[in-house]
Amino acid sequence: VLVMVAQAAVGLIETSFVGKLGTDALAGMALVFPVVMLMQMTSAGAMGGGIASSVARALGAGRRDDANALVLHAAVIALGFGLAFSLALLLGGRWLYGQMGGSGASLEAALSYSHWVFAGAVLVWVFNSLAAVIRGTGNMSVPANVTVAGVVLLVPLSPWLIFGWGPVPALGIAGGAVALLLYYLAGTLA
């Protein structure tokens, strides 16, 4: 429950920061949000659930070698789906967001955010797949702790990159996407 609250809070907080950039930035983020959520829910829920259950079944049956092989398969699947999301949105994002009603400055803001997020889609997929592997071993606390620690990192990092501060230039809406990718990179490494 704490992890779900933390993740929801991040979305609300980041939206609040992007909203300070103006309505075009907020509308652009709103265009990208459903696709980002699709990727997150697919990688964490649908594929993540399958990964966790297959690892748990292998370990429960005493097949440690099979469980280890499943980790490799999960990583390969994560790379494949991450690359697929990257290609689809980097090449087809303008068309998709246009079909969703984006135009003008809001479409450009959507593309700025989307290009950054989906350039790093592999990080989202690998993070969620590795978390699912760990959950499949029966360890729920490590993925939860990494997620909550990442939220603590992301909350100050997001406005820092969006608005800039000191030697860090303001990246605008792209700063929110970069902060999100840094969160997934740190979480993956952890």
Side-chain angles (χ1 to χ4, degrees), residues 1-45 48 82 85-86 88-128 130-131 143-190:
V1 170
L2 178 63
V3 171
M4 296 302 286
V5 168
Q7 288 176 327
V10 166
L12 292 172
I13 291 167
E14 186 178 35
T15 302
S16 171
F17 293 136
V18 170
K20 292 180 189 314
L21 296 173
T23 55
D24 287 329
L26 194 56
M29 188 175 187
L31 288 168
V32 180
F33 180 76
V35 187
V36 171
M37 287 305 297
L38 173 68
M39 177 176 64
Q40 289 175 332
M41 293 302 105
T42 305
S43 62
F85 267 86
S86 290
L89 275 298
L90 290 173
L91 298 175
R94 180 175 294 280
W95 175 85
L96 176 63
Y97 304 132
Q99 293 297 306
M100 293 170 68
S103 63
S106 65
L107 178 59
E108 294 309 314
L111 291 170
S112 176
Y113 187 78
S114 178
H115 284 163
W116 278 99
V117 168
F118 291 105
V122 167
L123 291 173
V124 177
W125 277 89
V126 170
F127 173 87
N128 286 326
L130 293 177
N145 288 334
V146 168
T147 299
V148 172
V151 167
V152 171
L153 167 81
L154 188 58
V155 169
L157 186 60
S158 191
W160 188 30
L161 294 174
I162 290 170
F163 303 114
W165 187 66
V168 176
L171 299 176
I173 192 170
V178 171
L180 187 67
L181 293 180
L182 290 172
Y183 160 77
Y184 280 111
L185 175 63
T188 298
L189 294 175

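Residue numbers start at 1 and run along the sequence shown.
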Practice problem: May I ask you to test the L21-F163 pair for a side-chain heavy-atom distance under 4.5 Å? | Solution: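 With C-beta onward as the side chain, the pair touches.
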
Exercise. For residues P159 and K20, determine if any side-chain heavy atom of one lies less than 4.5 Å from a side-chain heavy atom of the other.
Key: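 In short, these two side chains do not touch, never coming nearer than 4.5 Å.
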
If you measure from [atom1] on [X] to [atom2] on [Y], what distance do you get to the nearest 0.5 Å?
X	Y	atom1	atom2	value
R94	E108	CZ	CD	4.5 Å
S112	L171	OG	CG	9.0 Å
L185	L180	CG	CG	11.5 Å
Y113	E14	OH	CD	4.0 Å
L107	L96	CG	CG	10.0 Å
F127	L181	CZ	CG	12.5 Å

Practice problem: List for me each residue that meets side chain to side chain contact (heavy atoms under 4.5 Å, CB included) alongside M37, sequence neighbours excluded, and say none if there are none. | Solution: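 Scan of M37 (side chain to side chain contact (heavy atoms under 4.5 Å, CB included), adjacent residues dropped) gives F33, Q40, M41.
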
If every non-hydrogen atom of [X] is compared with every non-hydrogen atom of [Y], which pair is closest and at what distance?
X	Y	value
I162	G176	CG1-N, 3.4 Å
V32	S114	CG2-CB, 3.8 Å
F85	A121	CB-CB, 4.1 Å
V146	G187	CG1-CA, 3.7 Å
P34	A30	CD-O, 3.1 Å

Any donor and acceptor pair, going by atom type alone, linking the side chain of [X] with main-chain N or O of [Y] inside 3.5 Å?
X	Y	result
S158	L154	no
T42	M39	no
S86	F118	yes

Practice problem: Check step by step if side-chain contact (heavy atoms from CB on, under 4.5 Å) holds for L89 and V117. | Solution: CA-CA 9 Å; L89 275 298; V117 168; over 6 Å; no

Quiz item: So L157 and Y183, side-chain contact (heavy atoms from CB on, under 4.5 Å) or not? Walk me through it.
Solution: CA-CA 9 Å; L157 186 60; Y183 160 77; over 6 Å; no

